[in-house]
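Worksheet: one structure, shown below.
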Amino acid sequence: MSNVRTRFAPSPTGGLHLGGVRTALFSYLYAKKHKGQFVLRIEDTDQNRYVEGAEQYIIDCLTWCGIAPDEGPHVEGGEHHPYRQSERKETYKQYAQQLVDAGHAYYAFDTQEELEAKRAEVKLHNEHGTFQYDSTNRLHLNNSLRLTSDEVAKLINEGVPYVIRIKMPENELITFQDMIRGEISNESSLVDDKVLLKADGMPTYHLAVVVDDYLMKITHAFRGEEWLPSAPVHIKLWEYLGWKNEMPQWAHLPLILKPDGNGKLSKRDGDRLGFPVFAMNWTDPKTNELATGFKELGFLPEAFINLLAMLGWSSGEEKELFSKEELIQLFSMDRVHKGGAKFDFEKAKWFNHEWIKHQSAELLLNDVKAILVKHHVEITSDEALCSIISLVKDRCTLLGDFYTQCVYFYESPKSIEIEAIQPKWNEDKKNFFVKIQSLFNDVSDWNMNEIETCFKHLATEMNIKVGELQLPFRVMLVGGKFGPGVFQIAEMIGKENTIARINTTLNLL
RNA sequence: GCCGCGUUGGUCAAUCGGUUAAGACGCCUCCCUUUCACGGAGGAAUGACGAGUUCGACUCUCGUACGUGGUACCA
C-alpha cells in the first residue's frame, strides 16, 4: 500500500477554471499512478469571496471529469474531516499561537488603513518602491516585537484587533526542490512577514495549506506557478512548526495562458474569443450571469481531460490520444513542461472530434439521445439510433452536432436548401424525380443496393449523369449538402418518407 | 522598481552535446468522395539575441532582450 496522497484545494469562489481542473487532474493522475489517495479540500477562508453553491459545483465538475476525490467534504468516512477550512478555524489558531510562543511569529496591531497609508507614502517618494512588512521595518511598526509584553497583553485584553505574522529570518537562503523546476532559492530578507492569522481569526492561505497538508498527510503538493513566490514562506512554516521531515514534495505547474496576447487565461478571454473556460456551466448567483462550460458545449469528459493533460505535459512519444487509464500509467511530473502554454480552442475541438470518432455508438447513445430529446425528436429504437450514430459520428466535433446530423432520419427537413439545387435544375431532372417516385414505390426489398440500382438505372435510361442527380436527391432527403451516403439515408428513412420528401421538394422548385 | 519563473514553427510539443530539429493542431495543394466529413499523399513554417565552454551546442555557463507570476488581513 502506497502512502502517496495528493490534494486539490480550490477556493469556492466561482466557476472551475481550466487551470484548476488541470491541477486537479495532475494531482489525481499522480495519486492514482502510485495507488494513493486524492483528496479535495475546500479553502474557504476568505469569507468575503465565498460563493454559495461553488463547492458542490466543484465536486460536480471533478465527478464529470472522472477524477472524483477519494476524500473530501462530500465523502463519508475519510480520516481527516472536516475538509472545509472554515470548519477548522480553531486548529489554525492553535498552531499560530504555537508559532508566536516559539518566537517565529508575532502579533501585529497595525490596521489595514495604517498599512495602506504606509504603502501610499512609499509610493509617493519612489514610484517603484514597495512597502514591505519585513525585518527592515518591523521594529518600527505596531507589533509585539516592538511593544512590551504588558502593552501587548493590554491591547489584546481590550479587544483591539490583531493579526499574527510570520517572522521571516534575515539573510538566509531558503531553498527547496520543485519536482518540475529543480532547485529554487529565495533570499529570506526579500520576502515579507506574511499574515498567518487574520483579524477575524481565520488563517490565510499560507498557514492553512501548511497545517492542512501536514494534518492530512499530504505527500505531494501540486499547485499553479503563481504560488512560487510565496513558497519560501511555506517552507519556513514547515520548518518552524517542526514538521520539516514530513514536508510534501512540491510541484508548481505552468500556467495556462490566453491564446492571443499574453497573460493568464481568464473567463473574460473565453467570452471575448468565444470559447468556454469553465468545466461546466456556471451561473453567478449574484449577477445571474451564465458562463457556458465545456460539458454543456458538447465536450466528452474523456476528451476534456485528454486535452488538459496535453497542455503542459507530453508522453514523449507521438501519441496524443490517451484514456484516463493510460494517463494514469504514463503520467510523470518530470515530463511536465516548465513554460506556460497558450490555450488553443481549435486543438481542443480536435481532441473532442477524435474522441467522438473513436467512441462506440453504444457509449455515445445516451448523450446523443439527450440532445435529440431536448429538441423533441421522438426516438423509438436505441438500436436504430446506434446505427445512425455510427453513420454520422465522423462528422461531429461537438455533441450538439449530432442534432443536425441525426434529425433528418426522424423528421422531414424543416427547411430545404433549394439554392443548392436550383442552378443546375432543369426539366429532365424534374422528370427524373417524378418518375423515380413510382419506381421507388415498386421496389419490394427497400435496401440501399436496390435503391441505388433503381436510381442509376433510370438515370442511364434518361441519359442523365447519376452524379448530377445525387446532390438534388440528397438535399431533398436531408435538407442540405451534408450527411452520409444518400442511398443509405433513403434506406433508413424508409420508402414512404423518401417518396414524400422528393415530392415535397419538387413542389418547391 | 524589486524578487521568482520561463523562452524550439502561428499554437501544443519531441530532442536531455553529434538528427536532414520528430509529431500534432491550424493553414495550403492533390487523391478519395459529384454532399459534408473520415481517410490517404504532399507543402509552407521553428531553436529570442550575444558571448563563452567544447572537436562539436537547441541542448551546459553567463549576459541581454522579451514574456509571465508575485510584491494584500485573495487564494
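Letters A, B, ... mirror the listed sequences (proteins, then strands); counts begin at 1.
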- Item | Sugar-phosphate, base or nothing in reach of A:G224, heavy atoms under 4.0 Å | nothing

- Verify the contact: side-chain N or O of A:R223 to OP1 or OP2 of B:G70, cut-off strictly under 4.0 Å; return yes or no. no

- Under 4.0 Å between a side-chain N/O of A:R335 and OP1 or OP2 of B:U15, yes or no? yes

- Item | Separation between the P atoms of B:C16 and B:A75, rounded to whole Å | 43 Å

- Message: If the cut-off is 4.0 Å, is A:K357 near the phosphate of B:A37, judged by side-chain N/O to OP1 or OP2?
- Response: no

- Which is true for A:A199 with a 4.0 Å heavy-atom rule: it touches a base, it touches only sugar-phosphate, or it touches nothing? base

- Message: I'd like to know if A:R181 reaches the base of B:C5 with its side chain, counting only an N/O donor and acceptor under 3.5 Å.
- Response: no

- May I ask you to say whether A:E417 pairs ionically with A:K481, meaning some side-chain N is under 4.0 Å from a carboxylate O? no

- Item | Base of B:A24 paired with side chain of A:K347 (donor-acceptor, under 3.5 Å) | yes

- Query: Given B:A22, B:C5, B:U11, which nucleotide is nearest the side-chain atoms of A:E318?
  - Reply: B:A22

- Sticking with atom P, work out how far B:A45 lies from B:C36, rounded to a whole angstrom. 30 Å

- Could you check whether A:G339 gets within reach of a base, just the sugar-phosphate, or nothing at all, counting any heavy atom under 4.0 Å? sugar-phosphate

- With ring centroids as reference points, do A:F26 and A:F222 lie under 6.0 angstrom apart? no

- Query: So what does A:S314 hit on the nucleic acid, given a heavy-atom distance under 4.0 Å: a base, only sugar-phosphate, or nothing?
  - Reply: sugar-phosphate

- Message: Closest approach to the side chain of A:V195, judged atom by atom: which nucleotide of B:G4, B:C73, B:U35 is it?
- Response: B:C73

- Identify whether any heavy atom of A:T45 sits under 4.0 Å from a base atom; if not, whether one sits that close to sugar-phosphate; answer base, sugar-phosphate or nothing. sugar-phosphate

- Message: Say we look at B:C66 and B:C49: how far apart would their P atoms be, to the nearest angstrom?
- Response: 15 Å

- Task: Would you mind classifying the nucleic acid contact of A:Q132 as base, sugar-phosphate or nothing, using non-hydrogen atoms under 4.0 angstrom?
- Result: sugar-phosphate

- Is A:R49 near enough to B:A75 that one of its side-chain N or O atoms lies under 4.0 angstrom from OP1 or OP2? no

- Message: Can you identify which nucleotide, out of B:G39, B:A24, B:A75, has its nearest atom closest to the A:E354 side chain?
- Response: B:G39

- Among B:A24, B:C73, B:U34, the one nearest any side-chain atom of A:L115 is B:C73

- Item | Where A:A208 and A:Y92 come nearest, the two heavy atoms and their spacing | CA-CE2, 3.7 Å

- Do any N or O atoms from the side chain of A:K319 and from the backbone of A:L321 form a donor-acceptor pair under 3.5 angstrom? yes

- Under 4.0 Å between a side-chain N or O of A:K198 and OP1 or OP2 of B:C74? yes

- Spacing of the C1' atoms in B:C58 and B:U8 (rounded, Å): 7 Å

- Message: Starting the side chain at C-beta, find the nucleotide from B:C5, B:U34, B:C25 nearest to A:E346.
- Response: B:C25

- Query: With sugar-phosphate meaning primed atoms plus P, OP1 and OP2, does A:P484 contact a base, only sugar-phosphate, or nothing at under 4.0 Å between heavy atoms?
  - Reply: base

- Query: Could A:R335 and A:F331 be counted as a cation-pi pair, given that NZ or CZ must be under 6.0 Å from the ring centre and within 45° of the axis?
  - Reply: no

- Determine the contact category for A:E43: base if any of its heavy atoms lies under 4.0 Å from a base atom, sugar-phosphate if only primed atoms, P, OP1 or OP2 are that close, otherwise nothing. sugar-phosphate

- Regarding the side chain of A:L471, the nearest nucleotide among B:A75, B:C25, B:U35 is B:U35

- Are A:D269 and A:K267 ion-paired here, with the side-chain N under 4.0 Å from a carboxylate O? no

- Item | Selection from B:A37, B:C12, B:G1 that lies nearest to any side-chain heavy atom of A:D394 | B:A37

- Query: Which part of the nucleic acid does A:K264 contact within heavy-atom distance under 4.0 Å: base, sugar-phosphate only, or nothing?
  - Reply: sugar-phosphate

- Query: When rounded to the nearest Å, what value does the distance between P atoms of B:A41 and B:U59 take?
  - Reply: 34 Å

- Item | Integer angstrom distance from the P of B:A48 to that of B:G42 | 29 Å

- Query: Does a distance-only test, which skips hydrogens and angles, find a donor-acceptor pair under 3.5 Å between the side chain of A:S230 and the base of B:G70?
  - Reply: no

- Task: Indicate whether OP1 or OP2 belonging to B:A72 is found under 4.0 Å from a side-chain N or O atom of A:H206.
- Result: no

- Message: Could you tell me if A:R165 sits above the aromatic ring of A:Y133, with its cationic atom closer than 6.0 Å to the ring centre and no more than 45 degrees from the axis?
- Response: yes

- Message: Taking any heavy-atom pair under 4.0 Å as a contact, classify A:D178: base, sugar-phosphate, or nothing.
- Response: nothing

- Query: Of all the nucleotides listed (B:C36, B:U71, B:C5), which has the minimum atom distance to the side chain of A:R395?
  - Reply: B:C36

- Have a look at A:G312 and say if it touches a base, only the backbone sugar-phosphate, or nothing, with a 4.0 Å heavy-atom cut-off. sugar-phosphate

- With a 4.0 Å cut-off on heavy atoms, is A:V163 in touch with a base, just the backbone sugar-phosphate, or nothing at all? base

